[in-house]
Protein chains: 2
Amino acid sequence: MQKRVTATDVAELAGVSRTTVSFVLNNVPGMRISEETRRKVLEAAQQLDYHPNISAQRLVTGQTRIIAYVERQTPEQAFSDAFLPQVLRGVHDAATASNYEVLFAPVPVENGAERCEYLLRGGHVDGIILSGPRSDDLQLRDLLERGAPLVLQGHWPGVATASVDIDNREAARMAVKHLIGLNHRQLGMIVHAPLAYTAAASRLHGYRDIVESNGLSVDESCIAEADFTPESGERAMEALLQCDPPPTAIFASSDTVAIGAMREAKRMGYRIPEDMSFVGFDDIPMAVYQDPPLTTVRLPAYGLGWAAADLLIRLIAQEEVRERNLLLESELIIRASCGAEL
Amino acid sequence: MQKRVTATDVAELAGVSRTTVSFVLNNVPGMRISEETRRKVLEAAQQLDYHPNISAQRLVTGQTRIIAYVERQTPEQAFSDAFLPQVLRGVHDAATASNYEVLFAPVPVENGAERCEYLLRGGHVDGIILSGPRSDDLQLRDLLERGAPLVLQGHWPGVATASVDIDNREAARMAVKHLIGLNHRQLGMIVHAPLAYTAAASRLHGYRDIVESNGLSVDESCIAEADFTPESGERAMEALLQCDPPPTAIFASSDTVAIGAMREAKRMGYRIPEDMSFVGFDDIPMAVYQDPPLTTVRLPAYGLGWAAADLLIRLIAQEEVRERNLLLESELIIRASCGAEL
DNA sequence: CCCGATTGCTGACACGTGTTAGCATTATTA
DNA sequence: TAATAATGCTAACACGTGTCAGCAATCGGG
C-alpha cells in the first residue's frame with residue numbers, strides 16, 4: 001500500500017500553494033484563478049490520481065454527507081421484508097443525487113434511540129431515516145423533540161416529526177370499494193398486525209369507511225387479526241370461516257397474510273375467486289405468482305425511500321420545507337383473485 | 001443545536017489534561033492512571049454526554065471502520081433480490097461485532113470499479129464486499145491485483161481474490177440426486193441464467209455429474225436456459241415440453257425460474273408432483289407458498305453476508321487468514337413438489 | 001542523605017482539509 | 001505620475017482526536 005496522495009503533493013507538482021489546489025478542485029466561487037493555473041492543478045491532480053480525504057473534509061466542514069437508514073424490526077420481520085431492496089435503492093438514489101451516502105443500520109427494537117443518539121452525536125451521520133417505529137418509545141420522543149434531523153418512514157400520531165408514508169386509510173378504501181363494486185355484500189377483513197401498528201389501524205378504518213358508507217353494517221366477528229406471518233393469516237381465515245354466513249370477499253391488509261388466508265380457504269374447499277374473492281395489500285413480488293394471482297394495493301416502495309431521503313436532506317440543509325408529512329399515492333392492481341374482468 | 005462537546009470540555013470539567021481523557025476513555029494499555037482520576041474523567045464525560053467525534057478519530061488513525069456493501073446489479077435484478085435483507089443483516093451483524101459500520105453502495109453495472117476506487121482512495125471505507133460480479137471487467141481486475149481489501153460474494157475463476165460462496169456444484173448434485181432417488185430417469189434442467197454467470201455454470205456441472213454417474217446420458221435438448229425471471233422460466237419449460245419423451249422431473253437452478261416453469265407445466269395440464277416433479281434452488285421466502293410447496297436448495301443468505309464481512313475485516317486487520325475462499329454449506333429442503341415422503 | 005526507579009500525568013505534534021484575511025503585482029483611472 | 005482598483009495567489013488558523021516523549025513527584029534501597 002503506497003503513501004496517500006494529499007493536496008500538498010498536488011500543489012507541489014503544480015507549483016502552487018495548497019490553498020490554490022483547494023480552490024480549483026472545489027470550484028470555490030469568487031476566487032479568481034487564471035486558466036493557466038487551473039489547468040496545471042487539474043493536470044497534477046489527475047496525474048497523481050488524487051482523491052481528497054473525506055475524513056479530513058468532514059472534520060473541517062462539520063458535515064458527514066452520510067444519512068443512516070435505521071431499521072427497527074425484529075430479525076424475523078426484517079428477513080421477510082420484500083421491500084427493503086426497493087426502499088433502500090430509493091434512499092440511495094436520492095442520497096446520491098445530493099452527494100450523500102447511505103449507512104445501513106438495523107437496530108435492536110429495544111435500544112433504537114440510543115443508537116440514533118450515538119450516530120448523530122458522534123458525527124457518524126447528518127440525519128436519520130427511521131423505519132419501523134413503535135409509538136411506545138419515550139427516549140425516541142426525546143430525540144425528536146430536541147429537533148434531531150430525522151424522517152420517519154411511516155406515521156406516528158401525536159409526534160410532530162417529519163414523515164413519509166402512504167395514505168393507508170384511502171388505499172384501504174380503494175381496495176374495499178373494488179370488492180363492493182363486484183357486488184360483494186358479505187365482507188370480511190383480516191387486519192395484518194396488531195392495531196398498535198398505526199398502518200394496521202388505518203387500514204381497518206378505511207375498511208369501515210367503505211362498508212358503512214354503502215349502508216352495510218360492519219360485522220365485528222368478520223374482522224380477524226393476524227400477526228404479519230402467513231401462518232397467522234391461515235388462523236385468521238379459519239376464524240372468519242366460522243361467520244354465518246361466511247364472507248364472500250376478504251380484504252387482508254398485507255399480501256403475506258392474504259397468501260396464508262388463501263391457502264386456508266383453498267384447503268377448506270373454497271374456489272378462488274368463484275366462491276371467495278381476495279384483495280391483499282403491498283403488492284409483494286410474489287403476489288403475481290399466486291394461484292390465482294392476487295389483487296392488491298401497490299406500495300410505492302422505491303418512491304417511499306426516495307422521498308424520505310430527499311425530505312431528510314432538505315431538513316439537514318435547513319431548507320424551508322412546505323410539507324413535512326408526505327403521503328404518496330398507492331395504486332390498486334387488479335388480478336384474478338377477485339374475479340374482475342381483466 | 002448546541003455546541004459540540006469535545007474532549008477538551010471533559011478535561012476541563014475533570015481538571016485533567018485532554019491527553020488523560022483520551023487515555024481513560026480509550027483504556028490505553030500501559031498508561032498508569034489512578035483510580036481517582038479515572039473516575040473523575042468518566043463522570044465528567046457522562047455528565048457532559050460526551051461523544052467523541054468520529055471524523056477526527058478517522059483522520060488521525062487513518063481507519064474508517066466502515067465497510068461498503070457494493071451491489072452490482074441492474075435495478076430489476078436488485079428489486080427482486082429476496083435475499084438482500086438477510087445478506088445485509090449478516091454483513092451488519094459481523095461488522096458490528098468488530099465495531100465496524102456498513103455503507104450501502106449499489107452501483108451501476110458499468111462503472112463498478114470507479115466507484116470502488118473512489119470509496120477506497122477517498123478514505124470512505126476500509127474495505128469492500130462486492131456482490132454480483134461479472135468476469136468481464138478489466139478495471140476491477142486491476143483493483144484486485146493492486147491488493148485492495150475486497151471480498152467477493154460469489155466466485156470468479158482465475159482471479160485470486162478472497163471470496164465467499166456456496167459450493168454450487170455440490171449443491172446441484174444434492175438436488176439432482178434427490179430426483180434420481182425418487183426413480184426419475186427422464187430428467188430436464190432449466191439453467192436459471194446465461195452460463196457467463198459462474199453460479200449458473202457450476203449448477204449445470206453438478207447436474208451433469210449426477211446424471212452421468214448414474215449411467216444416464218445427458219440429453220442436451222433437455223437443458224434449457226432462462227434469464228433470471230419467472231417469464232423466462234415459462235419459456236424454458238415450453239421448450240422442455242417439446243422433448244420426446246418429456247422429462248418427468250425438472251431441476252431449475254433458481255426458485256424464481258422454477259416458479260415460472262411450474263406455472264407453465266400446470267397450464268399445459270401436468271399435475272405436480274404426480275406427472276412432473278420440480279426442484280428449485282435458493283429457497284426464497286415464497287418457495288414454501290407455492291402450490292405445491294417447492295423442494296429446493298437453501299442458500300445460507302445470512303451466513304454468506306456474515307462470512308463475507310468477517311473475512312473482509314480479517315483482511316483489513318492484516319490477520320493471517322488460512323482460507324481466503326470460503327464455501328458455505330447449503331441444504332436440501334424437501335417439500336411437496338417432487339412427491340417425496342415428508 | 002542521595003540516587004535511581006516507578007507512578008501519574010501533560011505538552012506538543014500530527015492527521016488532511018476548508019477558509020479568511022491579506023499580500024504582491026498588474027491594470028485602470030484621474 | 002500618483003492614487004486606486006482589480007487580479008491572482010498564499011500564509012495561517014481551525015476542526016477534534018491519537019500518541020510519543022518527557023516532566024515532576026513520590027518511593028525504595030544503600
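Everything quoted here is computed from the prediction, not taken from an experiment.
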Handout entry: Side-chain heavy-atom pair A:F104, A:L84 within 4.5 angstrom cut-off
Key = yes
Completion exercise
For residues 51-60 of chain B, the side-chain hydrogen bond (donor to acceptor under 3.5 Å, both in side chains) pairs (sequence neighbours left out) are B:D49-B:H51
Handout entry: Contacts of B:E35 that satisfy salt bridge (Lys or Arg N to Asp or Glu O under 4.0 Å) - sequence neighbours left out
Key = none
Practice task
Return no unless some side-chain N or O of A:S34 is found under 4.0 Å from OP1 or OP2 of D:dC9.
Solution key: yes
Exercise for the section: Could you tell me whether A:Q63 atom CD has more than 12 heavy atoms of other residues or ligands within 6.0 Å of it? Expected result: yes
Exercise for the section: Scan residues 157-166 of chain B for pairs that pass side-chain hydrogen bond (donor to acceptor under 3.5 Å, both in side chains), counting only residues two or more places apart or in two chains. Expected result: B:S163-B:N325
Problem - Side chains of B:S22 and B:T19, donor plus acceptor under 3.5 Å - result: no
Each nucleotide N or O in nucleotides 5-7 of chain D that has a protein N or O under 3.5 Å away: list the pair and distance.
none

Practice task
Select base, sugar-phosphate, or nothing to describe what B:I33 touches, counting heavy atoms under 4.0 Å on all strands.
Solution key: sugar-phosphate
Practice task
Report the residues that fulfil ring pair (Phe, Tyr, Trp, His ring centres under 6.0 Å) with B:H124, sequence neighbours left out, ordered by chain and then residue number.
Solution key: B:Y118
Handout entry: Donor-acceptor contact below 3.5 Å, side chain B:R65 vs main chain B:N99
Key = yes
Fill in the blank from the handout: Numerically ordered, the residues 38-54 of chain B set in heavy-atom contact under 4.0 Å with DNA chain C is none
What pairs of nitrogen or oxygen atoms, one from the protein and one from nucleotides 19-25 of chain D, lie under 3.5 Å apart?
{"residue": "D:dT19", "atom": "O4", "partner": "B:T19", "partner atom": "OG1", "Å": "3.3"}

Handout entry: Where at least one partner belongs to residues 17-28 of chain A, residue pairs that pass salt bridge (Lys or Arg N to Asp or Glu O under 4.0 Å), sequence neighbours excluded
Key = none
Problem - Atom CD of B:E43: over 12 foreign heavy atoms under 6.0 Å - result: yes
Handout entry: Exercise: identify the closest heavy-atom pair between B:L25 and B:A45
Key = CD2-CB, 4.3 Å
Handout entry: Difference in axis direction between the ends of the helix from C:dC1-D:dG30 to C:dA30-D:dT1, five pairs, 10°
Key = 50°
Fill in the blank from the handout: Residues at least two apart in sequence or cross-chain that pass side-chain contact (heavy atoms from CB on, under 4.5 Å) with B:A162, listed by chain then number, are B:V151, B:L311, B:L315, B:R324
Problem - Nucleotide range of DNA chain C lying under 4.0 Å from chain A heavy atoms - result: C:dG16 to C:dT20
Exercise for the section: Answer with base, sugar-phosphate or nothing: what part of the nucleic acid does A:T20 contact at a heavy-atom distance below 4.0 Å? Expected result: base
Fill in the blank from the handout: Residues A:A68 and A:L119: closest non-hydrogen pair is CB-CD1, 4.1 Å
Exercise for the section: Check whether any side-chain N or O of B:D9 sits under 3.5 Å from a backbone N or O of B:T6 as a donor-acceptor pair, and report yes or no. Expected result: yes
Handout entry: 5' precedence on DNA chain C between B:G15 and B:V60 (nearest-nucleotide basis)
Key = B:G15
Exercise for the section: Not counting sequence neighbours, which residues clear side-chain hydrogen bond (donor to acceptor under 3.5 Å, both in side chains) with B:T64? List them please. Expected result: B:D126
